[in-house]
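Keep in mind that the numbers below use all heavy atoms, side chains included, and drop hydrogens, waters and symmetry copies. Ligands are counted one by one from 1 in listed order, and the atoms in each one are counted from 1 as well.
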Amino acid sequence: MDDAQENLSDAPHRVGQRVAAVKVLQSGRAEQHAEHRYGSRLPRLWWVFLGRRWVPLPLQCFLIEHRDGLVLFDAGIDPAIVSDRRYIRQAIGRFLLPRIFRLHLEASDRIDHVLAAEGVGARDIRTAVISHLHFDHCGGIAQIPQADLLVSAREWEILSQPHPERDWILREHIDIPSTKWRRIAFEPTDDPLFRGFDGIHDVAGDGSMMLLPTPGHTPGSLSMLIRQEGWDPILLVGDLTYEVALLEKDIVPGIGDGETLLASFAKVRALKDRLLGLTIVASHDFGAAAAVARATRRDMTQERT
Ligand SMILES: [Zn+2]
């Protein structure tokens, strides 16, 4: 593939001094079936009932300190999902949830408390990019009513389809009056860096935070490319994969659309070939914090002292 040879990472207009920090925020812990993460030979979703091995996964989102204001990539989970019996309205959803995820959440895992622990007020969040509309990625939106919530137009369409809750998109916790949703239609680009992607969206207008459609986990899932001078570029991929190593090996999880996931994996790997040092970071990957620290040259051993 000839564009694999092409290295566009040094193009000077594409990076600048716009992003001061990227922080990985922990918003609780969970467990999932091994088949959920690594895929399964069983017919679709049989693992929900037949799976016997649970594996831990962290619930994470990301805080980006941009010159124009604070940006979240995803807004965490609302701990009310385990403490309030009516959080999920449909009985079938309440029945299935503990069979798909074991959630270990405290009140302090809500996004406003998670941010406070970082010394940040929830009211100071200017923008939240929502990778997709699953409850563990947009559960904190009620705590940031002032923020622009960016979601792909394709993802938002799911809300008007029958029974989005069957795909764990809980309309009553998403389309709420206090929130400021902005639906993103990706714009076409002739930038060779983004070849293969169905458009881009520049969040701040300076190239530092570029949204890219990476469907498969859900139809409207997106990723965000962060570029800052002196750092390796970072691609936050949400739930495109549960572990970056699985994406590298074309191992699709036991959920989502397999073919669409593989197509998105290929696009992301092609981007990595073109963008030297690209660090791919998945939301539920235990390696996320170390990967971000490496990419931003932060010394974690010093941080602990
Ligand atoms: Zn998730």
Side-chain angles (χ1 to χ4, degrees), residues 24-39 45 47-48 51 54-63 72-82 87-88 93 96-105 109-111 114 128-141 149-152 154-155 158 164-171 173-174 211 213-224 235-247 251-258 260-261 264-265 268 280-289 291-292:
V24 183
L25 307 179
Q26 308 294 328
S27 55
R29 294 183 302 112
E31 293 167 75
Q32 66 183 166
H33 289 288
E35 293 88 345
H36 187 179
R37 186 181 308 178
Y38 301 110
L45 301 185
W47 53 260
V48 172
W54 291 85
V55 289
L57 85 164
L59 306 176
Q60 300 172 125
C61 56
F62 302 86
L63 176 68
L72 276 177
F73 185 81
D74 287 337
I77 189 168
D78 188 343
I81 198 166
V82 290
Y87 191 87
I88 297 177
L96 284 174
L97 182 65
R99 288 161 176 80
I100 295 177
F101 283 116
R102 291 174 173 168
L103 295 170
H104 309 288
L105 301 173
D109 290 320
R110 203 174 66 181
I111 194 66
V114 172
V129 173
I130 305 297
S131 67
H132 63 293
L133 290 172
H134 281 160
F135 58 81
D136 58 320
H137 296 261
C138 60
I141 57 170
L149 306 177
L150 274 51
V151 64
S152 79
R154 177 65 189 88
E155 189 75 356
I158 301 170
E165 74 281 357
R166 288 181 188 169
D167 293 312
W168 301 104
I169 291 178
L170 309 176
R171 189 191 280 129
H173 298 294
I174 295 169
L211 305 186
T214 46
H217 181 67
T218 63
S221 289
L222 60 75
S223 297
M224 183 159 84
L235 186 69
L236 304 178
V237 297
D239 286 4
L240 178 59
T241 182
Y242 289 107
E243 287 175 20
V244 173
L246 302 175
L247 183 152
I251 298 173
V252 294
I255 201 157
D257 183 86
T260 312
L261 284 163
S264 288
F265 287 4
V268 165
I280 301 167
V281 178
S283 293
H284 297 296
D285 193 329
F286 278 105
V292 167

Rounded distance [0.5 Å steps], CD1 in I141 versus CG in D74: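 So the CD1 of I141 and the CG of D74 are separated by 11.5 Å.
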Straight-line distance of H137 NE2 to I174 CD1, nearest 0.5 Å: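 Nearest 0.5 Å value for the NE2-CD1 distance: 11.5 Å.
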D136: its N/O/S atom lying closest to the Zn ion (ligand 1) (atom name):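 D136's closest N, O or S atom to the Zn ion (ligand 1) is named OD2.
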N/O/S atom name from D239 that is nearest to the position of the Zn ion (ligand 1):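 Closest N, O or S atom of D239 to the Zn ion (ligand 1): OD2.
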N, O or S of H134 under 2.8 Å from the Zn ion (ligand 1):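 No N, O or S atom of H134 is closer than 2.8 Å to the Zn ion (ligand 1), so no.
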Presence of N, O or S from H284 under 2.8 Å of the Zn ion (ligand 1):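 Yes, since at least one N, O or S atom of H284 sits under 2.8 Å from the Zn ion (ligand 1).
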Option among S221, S223, S152 that satisfies the side-chain hydrogen bond (donor to acceptor under 3.5 Å, both in side chains) test with T214: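 Filter result, single survivor: S223.
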Proximity of F135 and H173 rings by center, below 6.0 Å: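 Ring centroids of F135 and H173 are no less than 6.0 Å from each other.
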